[in-house]
Amino acid sequence: MSSSTVITNIATLVTNDPSLGDNSPLGLIQDAAVVIEDDRIAWTGESSKAPATDNRVDAGGRAVLPGFVDSHAHLVFAGDRTQEFNARMSGRSYTAGGIRTTVAATRAASDEELERNLTHYLAEALRQGTTTFETKSGYGLTVEDEARALRIAARHTDEVTYLGAHIVSPDFAGDPAAYVALVTGEMLDACAPYARWIDVFCEKGAFDGDQARTILTAGRARGLTPRIHANQLSYGPGVQLAVELDAASADHCTHLTDADVDALANSRTVATLLPGAEFSTRAEWPDARRLLDAGVTVALSTDCNPGSSFTSSVPFCVALAVRDMRMTPDEAVWSATAGGAAALRRDDIGRLTPGTYADLLLLDAPSHVHLAYRPGVPLVSGVWRKGVRVAG
C-alpha cells in the first residue's frame, strides 16, 4: 500500500534545485519540510505549508541533505595494506605497484569472504550518509576473478564498473599487449553482462593512452560507458582521452594542463576529485578551485580502496576538499551529492525535488556547513534510502 511521510522542522534543507528556496545551486530552504511518498520525493517547501501525510518525523531543527553519491570506489577486495601505508607514511612514495598485493589476497579469497567484506564497507558508508555507490573490479585480473567480483558487486548496486585494466596482470608482466587483448576479449565477454561502466588506469606503470583508448573503445562497443583514472600521478593523456570518448568522468585530475581544463569545461565529462587519495599518499592536492572557476562539473568521492584511500567517509572527503582543495562548503556538498549523480549520469538521485528518489540524510547540526566546520565528528544521525529509514 502507498504510504507518505513528512519530515518537518528542518532548519536547512539542501535540495540542489536552484529554482527552490534561495535560488543558489544548493536550493536552500530554511524552516523546511520534505514529503516522501513511497520511494520518491513528493513535495519540498516551507514547514508551515507542508501537506497532510500518513506519518510525521520531526527533524528537531537539524539539516537535511540529499544522500551522498559516491561515484568512485574499489570495494571488492580482500586483505589490507597496513604495512605499505605505514612505510609510506615513513617516507616511501606511492606507486601503482602496491595493487599487486591486493590482487594476490583477492584471488585467494572465497566468494563469501569477498561479499562479506563488501557488505561491511557498504554498511559503514551508509551510516555516514552514502545512499548510492559505484564500485569496480580490478583486484582479480583474471577472467574468472574479474567476473566474480562484478557478479558479487551487482547484487548490491547498479553502478558496477569493469576495471580489468587496473594494472597489467602479474601473469602478463612480460607481455602487456597480450593482457590488453585479454581485457578487450575473453575478459570483457565474461564481465560485460554484470557491468554498466568500463574504466582504465591511464598512468605510467599502468596503461598508456593508446592502450587505454583500445580498452575503452572495446568496452563501449559492448554497451559499457567509459570512465577513466586520469592524470593522478603525473601529466598524461587521460583527461583528453576521457573527453574524446565522452567518458562519464575523469577521476583524480591532479596534474592538469590548461588544455585539459578547457577540454573538461567544454564537455559533459565530470572531473571526479578523490581527496582521500592525496591525504593517504601525501601527494599534491587537485586544484578544485581552478576547475570550478573554469566551469567544469566537479564530483567528490572517496576512492575507498585498501591501498591509497582506505576511507568510506564522504563527510571526511568534504572536509578535506574545503580545507585543502579550495572548495567552498556549498561547492563541496553539491559535488558530493549532485556532482556524484552527474558522474553517474543520473538525474533521479543527488537532489531532493519532486520525482527524485527519497535518498536523504539528517545531520545533527543546523546547516550543511558543519560537515566541513566540524571535521571528524559523526554528524549523520539518520539516513533514508528510497523512502525507508535505513540508519539512525
Any chain of hydrophobic side-chain contacts (each under 4.5 Å) joining [X] to [Y]?
{"X": "I167", "Y": "I198", "answer": "yes"}
{"X": "V69", "Y": "Y357", "answer": "yes"}
{"X": "L233", "Y": "L241", "answer": "yes"}
{"X": "L182", "Y": "Y194", "answer": "yes"}
{"X": "W285", "Y": "L292", "answer": "yes"}

Check: Sequence neighbours excluded, which residues qualify as side chain to side chain donor-acceptor pair (under 3.5 Å) partners of H74?
Finding: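 Here the qualifying residues are H72, H229, D303.
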In terms of side-chain heavy atoms, does [X] have a donor or acceptor partner in [Y] at a distance below 3.5 Å?
{"X": "S47", "Y": "T8", "result": "yes"}
{"X": "T254", "Y": "E284", "result": "no"}
{"X": "S24", "Y": "D330", "result": "no"}
{"X": "S267", "Y": "D246", "result": "no"}

Next item on the list: In sequence, state the C-alpha distance, the side-chain angles, and the governing distance for E115 and H156, and then conclude on side-chain hydrogen bond (donor to acceptor under 3.5 Å, both in side chains).
Entry: CA-CA 10 Å; E115 187 155 22; H156 300 276; 2.7 Å; yes
Taking the side chain as every heavy atom from C-beta outward, state whether [X] and [Y] have any pair of such atoms under 4.5 Å apart.
{"X": "Y162", "Y": "D199", "value": "no"}
{"X": "D31", "Y": "I10", "value": "no"}
{"X": "R268", "Y": "R345", "value": "yes"}
{"X": "L224", "Y": "W197", "value": "no"}

State, to 0.1 Å, how close [X] and [Y] come at their nearest heavy-atom pair, and which atoms those are.
{"X": "H166", "Y": "G138", "result": "ND1-O, 3.0 Å"}
{"X": "A33", "Y": "A50", "result": "CB-CB, 3.9 Å"}
{"X": "S381", "Y": "R62", "result": "OG-NH1, 3.3 Å"}
{"X": "A230", "Y": "A250", "result": "CB-CB, 4.2 Å"}
{"X": "A206", "Y": "V168", "result": "O-CG2, 4.1 Å"}
{"X": "A109", "Y": "A78", "result": "CB-CB, 3.7 Å"}

Checklist line | Test side-chain hydrogen bond (donor to acceptor under 3.5 Å, both in side chains) applied to N55 and S4, step by step | finding: CA-CA 6 Å; N55 307 294; S4 61; over 6 Å; no
Should the heavy atoms of other residues, nucleotides or ligands under 6.0 Å from [atom1] of [X] be counted, would the total exceed 12?
{"X": "E113", "atom1": "CD", "answer": "yes"}
{"X": "R374", "atom1": "CZ", "answer": "no"}
{"X": "Q30", "atom1": "CD", "answer": "yes"}

Looking at [Y] and [X], is any side-chain nitrogen of the basic one under 4.0 Å from a carboxylate oxygen of the acidic one?
{"X": "R116", "Y": "D111", "result": "no"}
{"X": "D158", "Y": "R196", "result": "no"}
{"X": "R385", "Y": "D39", "result": "no"}
{"X": "D287", "Y": "R289", "result": "no"}
{"X": "R351", "Y": "D17", "result": "no"}
{"X": "R107", "Y": "D171", "result": "yes"}
{"X": "R222", "Y": "D189", "result": "yes"}
{"X": "R88", "Y": "E84", "result": "yes"}

Testing [options] one by one against [X] for a side chain to side chain contact (heavy atoms under 4.5 Å, CB included), which residue passes?
{"X": "L360", "options": "T131, I41, V14", "value": "I41"}
{"X": "R56", "options": "T5, V6, I7", "value": "V6"}
{"X": "C253", "options": "V270, N231, V239, L274", "value": "V239"}

Checklist line | Sequence-distant partners of R220, salt bridge (charged side-chain N to carboxylate O under 4.0 Å, His left out), two or more places apart | finding: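 If we apply the salt bridge (charged side-chain N to carboxylate O under 4.0 Å, His left out) test to R220, skipping adjacent residues, there are no hits.
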Next item on the list: Start with the C-alpha gap between S312 and T302, add the side-chain angles, then the distance that decides, and say whether side chain to side chain contact (heavy atoms under 4.5 Å, CB included) holds.
Entry: CA-CA 6 Å; S312 59; T302 64; 5.6 Å; no
Next item on the list: Please report the C-alpha distance between Q83 and N86 in whole Å, then the side-chain angles of each, then the deciding distance to 0.1 Å, and finally whether the side chain to side chain contact (heavy atoms under 4.5 Å, CB included) criterion is met.
Entry: CA-CA 5 Å; Q83 292 179 342; N86 191 32; 5.6 Å; no
Next item on the list: Could you tell me how the ring of F77 sits relative to the ring of Y139: parallel (under 30°), tilted (30 to 60°) or perpendicular (over 60°)?
Entry: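 F77 vs Y139 ring planes: perpendicular.
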Check: For the residue pair F310 and F279, is the inter-centroid distance of their aromatic rings smaller than 6.0 Å?
Finding: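 No; F279 has its ring centre 6.0 Å or more from that of F310.
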Check: salt bridge (charged side-chain N to carboxylate O under 4.0 Å, His left out) between D258 and R290: does it pass, once the steps are laid out?
Finding: CA-CA 10 Å; D258 289 345; R290 180 186 181 197; 2.8 Å; yes
Item checked: Trace of the side-chain hydrogen bond (donor to acceptor under 3.5 Å, both in side chains) decision for E134 with S71 -> CA-CA 5 Å; E134 178 268 2; S71 62; over 6 Å; no
Next item on the list: Using the side-chain hydrogen bond (donor to acceptor under 3.5 Å, both in side chains) rule, take R227 and S249 through it: C-alpha gap first, then chi angles, then the decisive distance, then the call.
Entry: CA-CA 5 Å; R227 40 197 338 111; S249 65; 3.0 Å; yes
Next item on the list: Walk me through it: do T217 and T184 pass the test side chain to side chain contact (heavy atoms under 4.5 Å, CB included)?
Entry: CA-CA 9 Å; T217 300; T184 56; over 6 Å; no
Check: After noting the C-alpha distance and the side-chain angles of V35 and T44, does the key distance pass the side chain to side chain contact (heavy atoms under 4.5 Å, CB included) rule?
Finding: CA-CA 6 Å; V35 173; T44 59; over 6 Å; no
